[in-house]
Amino acid sequence: MSSENPRSPRINSALRVKYRGETVRLIGKVLEASSKTAKLEASDKGQVQVVLKPGLDEPLNPESYIEVIGRVNDDLSIKEYNHLAIREPFDLETYDLAVQLWQRYPNIF
């Protein structure tokens, strides 16, 4: 795998500590958002601070769901590289089961 296209594991809030300094994917519900940061509720119900990339076209709507692709900082916040809107309704509880499976069997995914 080239360093230009790093593998980005799917995580929940508790798994951030395992991936400090690495690129990850996290799906969460937007709890609060400003032009610079967002607070998400992750699939395991933990809260995650996201440092948004500059120049966000549209503000994030509270209660919406997004997938954040970004790097886990030392303080366990995530520095966003990009994000995708997730269609609602989205079942975070079921998604958390998928995250746990990904952790157990990463070669399958």
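Every value quoted in this text rests on a predicted model; they were computed, and no experiment measured them. Residue numbers start at 1 and run along the sequence shown.
- Nearest heavy-atom pair, Trp102 versus Pro9, reported as atom, atom and distance to 0.1 Å: CH2-CB, 3.0 Å.
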Derivation and outcome, side-chain contact (heavy atoms from CB on, under 4.5 Å), residues Leu40 and Ile78: CA-CA 11 Å; Leu40 304 182; Ile78 296 178; over 6 Å; no
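- Under the 4.5 Å side-chain heavy-atom criterion for ILVMFWY residues, a single connected hydrophobic cluster contains both Val99 and Ile86.
- Scored by the side chain to side chain donor-acceptor pair (under 3.5 Å) test, Asn73 finds Arg71, Ser77 as partners (sequence neighbours excluded).
- Judged by distance alone, with hydrogens and angles left aside, the side-chain atoms of Arg20 form no donor-acceptor pair with the main-chain N or O of Val72 at under 3.5 Å.
- Between the side chains of Ser43 and Asn12, no donor-acceptor pair of N or O atoms lies under 3.5 Å.
- Here the shortest heavy-atom pairing between Asn61 and Val30 reads O-CB, 3.5 Å.
- The NE2 atom of His83 sits 13.0 Å away from atom CG of Leu26, with the distance rounded to the nearest 0.5 Å.
- For the atom pair OG1 (Thr23) and CG (Asn82), the distance works out to 12.0 Å, reported to the nearest 0.5 Å.
- Annotation: side chain of Leu60 is in contact with side chain of Leu52 (closest heavy-atom distance under 4.5 Å).
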Steps toward side-chain contact (heavy atoms from CB on, under 4.5 Å) verdict (Phe90, Lys29): CA-CA 9 Å; Phe90 189 81; Lys29 179 179 174 181; over 6 Å; no
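- Counting heavy atoms from C-beta on, the side chains of Ile27 and Leu92 come closer than 4.5 Å.
- Between the side chain of Glu67 and the main chain of Leu84, no donor-acceptor pair closer than 3.5 Å is present.
- Other residues, nucleotides and ligands contribute more than 12 heavy atoms inside 6.0 Å of the CD atom of Glu88.
- Minimum heavy-atom separation, Glu80 to Lys53: OE1-N, 2.8 Å.
- Note on Val17: it does not cluster hydrophobically with Val51, by side-chain heavy-atom contacts below 4.5 Å among ILVMFWY residues.
- Linking Ile, Leu, Val, Met, Phe, Trp and Tyr residues whenever their side-chain heavy atoms come within less than 4.5 Å leaves Tyr81 and Ile11 in two separate clusters.
- Asp44 contributes a side-chain N or O that, together with a main-chain N or O of Ser13, makes up a donor-acceptor pair within less than 3.5 Å.
- Cluster membership for Val50 and Leu76, using ILVMFWY side-chain heavy atoms within less than 4.5 angstrom, is shared.
- The shortest heavy-atom contact between Arg16 and Gln47 is NH2-O, 3.7 Å.
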